[in-house]
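Report on the following structure.
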Amino acid sequence: LGLAALFVAPAWLLVIGAMCVIGIGNGVVDSGTNAMMNDISPPEGHAREQSYLHAFFGFGALLGPLLIGAFLAAHMGWRGAYAIVAVGALALVVMFSRLRLPDRPQSHPAVSFRSVLALAFTPFVLVLALMIGVYVGGEILLGDWSATYLQRIHHLDRVAAATSVSLYWGGIAVGRLLSGLATRWFSGGALLVGTSALALVSTVALVAAPNAPFALIALALSGIGYAAVFPLIMAVAGEVYPEVSGSIAGLLIGSAAIFGAAVPWIGGVFVQFYDARAALALSIPLGAIMLAISVLLLSYRPSRSAASAQTVAWSPE
């Protein structure tokens with residue numbers, strides 16, 4: 001509904017309203033599918049299954065810039081691209097309504113607002129929320145402002161800059177597939193540290209890129225570096241808090257949404273008052289925070305019993 005409204009919206013305020021509707025839908029889909037994947041896969045398979053699940057996000061995000069670039073190249077504006085995605089969303093509604101969903105484990109008790117609030121302020125959950133927040137903030141910052149950076153700093157034309165962002169999202173898709181395969185040989189914690197380090201190094205290279213080819217290579221590597229962080233954090237949350245997978249997924253998606261809204265906005269301020277290179281430079285301290293937290297998670301993770309003891313009783317009261 002939001003995509004269809006975005007296609008026909010005659011005024012900017014209606015565009016904002018449509019984006020809010022899209023955001024609400026995306027939030028429910030994101031948290032719901034993450035919780036479902038943790039419910040139906042065994043704990044030892046969380047890292048692998050979450051990586052494969054989120055690879056499809058990368059595929060969809062890869063198609064977006066290509067679609068926008070095609071419409072801009074044909075001088076057709078951006079509305080038609082959203083109309084095509086709206087038709088795709090309608091097809092998914094029909095397909096999902098016919099999908100037979102697996103039963104949720106019966107051992108999962110009901111939760112209350114107080115229980116979820118207590119879970120939100122558990123120290124380990126706060127660490128996971130910060131990690132996924134700075135990740136999504138950096139991810140969207142690069143996705144939103146890379147085209148501007150390539151256009152204004154490296155002087156690509158508008159179509160080439162918009163289309164080139166697909167390298168970043170394609171890197172995320174490929175990186176998540178590789179992450180799923182790599183879980184056969186490496187632990188989720190080791191993969192989290194390695195990919196966070198790659199994300200930090202590649203974003204530094206992107207910001208400091210002396211020319212367009214170097215920037216494009218660094219952009220693709222940034223996507224590969226960022227790729228595994230989100231699914232691996234969701235996997236850790238599912239392993240430590242299996243009884244409340246829906247609640248923990250919702251809390252983490254909420255943190256991701258807050259950072260995902262704030263960081264690109266700050267990037268826009270930097271673009272306005274400084275330049276696009278300064279905006280992308282925000283990803284460097286975010287990457288450093290990601291790497292520090294990933295090292296912490298590699299060395300410390302509470303047991304399920306300890307995590308359960310830190311939260312209040314799960315009851316509807």
Side-chain angles (χ1 to χ4, degrees), residues 1-12 14-41 48-104 136 139-140 143-144 147 159 162-180 223 226-227 230-231 234 245-246 249-250 252-254 256-257 260-261:
L1 289 174
L3 287 164
L6 192 61
F7 168 59
V8 299
W12 177 241
L14 295 179
V15 170
I16 295 174
M19 293 297 291
C20 288
V21 174
I22 293 170
I24 292 171
N26 282 346
V28 174
V29 170
D30 206 344
S31 57
T33 50
N34 279 286
M36 186 189 304
M37 187 60 70
N38 279 339
D39 277 348
I40 65 178
S41 61
R48 180 182 65 255
E49 302 299 343
Q50 287 284 358
S51 294
Y52 289 150
L53 170 68
H54 287 278
F56 287 91
F57 167 84
F59 293 139
L62 164 67
L63 294 176
L66 295 177
L67 189 61
I68 292 291
F71 272 81
L72 291 177
H75 303 288
M76 298 172 62
W78 52 266
R79 288 182 182 270
Y82 284 98
I84 291 176
V85 181
V87 173
L90 177 61
L92 286 175
V93 170
V94 175
M95 293 168 63
F96 197 79
S97 67
R98 300 174 61 86
L99 180 66
R100 184 177 178 83
L101 299 177
D103 293 330
R104 194 162 189 266
V136 171
E139 177 198 54
I140 298 179
D144 280 0
V159 174
T163 306
S164 294
V165 180
S166 62
L167 292 171
Y168 171 69
W169 297 113
I172 286 182
V174 171
R176 287 176 177 172
L177 287 176
L178 293 176
S179 172
Y226 268 85
F230 191 105
M234 282 294 177
S245 56
L252 295 184
I253 294 299

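For the numbers below, each heavy atom of this structure counts, side chains included, while hydrogens, waters and symmetry mates do not.
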For residues 80-97, please give each side-chain donor-acceptor pair under 3.5 Å, one per line with the distance, not counting sequence neighbours.
from : atom 1 : to  : atom 2 : distance (Å)
S97  : OG     : V93 : O      : 3.4
S97  : OG     : V94 : O      : 2.6

Let me have the donor-acceptor pairs involving side chains of residues 2-12, under 3.5 Å, with sequence neighbours excluded, atom names and distances please.
none

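- When side chains are defined from C-beta on, W169 counts as touching E139, because their heavy atoms get closer than 4.5 Å.
- Of the residues V29, I22, I24, the one that meets the side-chain contact (heavy atoms from CB on, under 4.5 Å) test with N26 is I22.
- To the nearest 0.5 Å, atom OG1 of residue T33 and atom CD1 of residue I253 are 7.5 Å apart.
- Residues passing the side-chain contact (heavy atoms from CB on, under 4.5 Å) test with A147, sequence neighbours excluded: A161, V165.
- The 12-atom threshold is exceeded at CG of L14, counting heavy atoms of other residues, nucleotides or ligands nearer than 6.0 Å.
- When all heavy atoms of P231 and R176 are compared, the pair lying nearest together is CD-NE, 3.8 Å.
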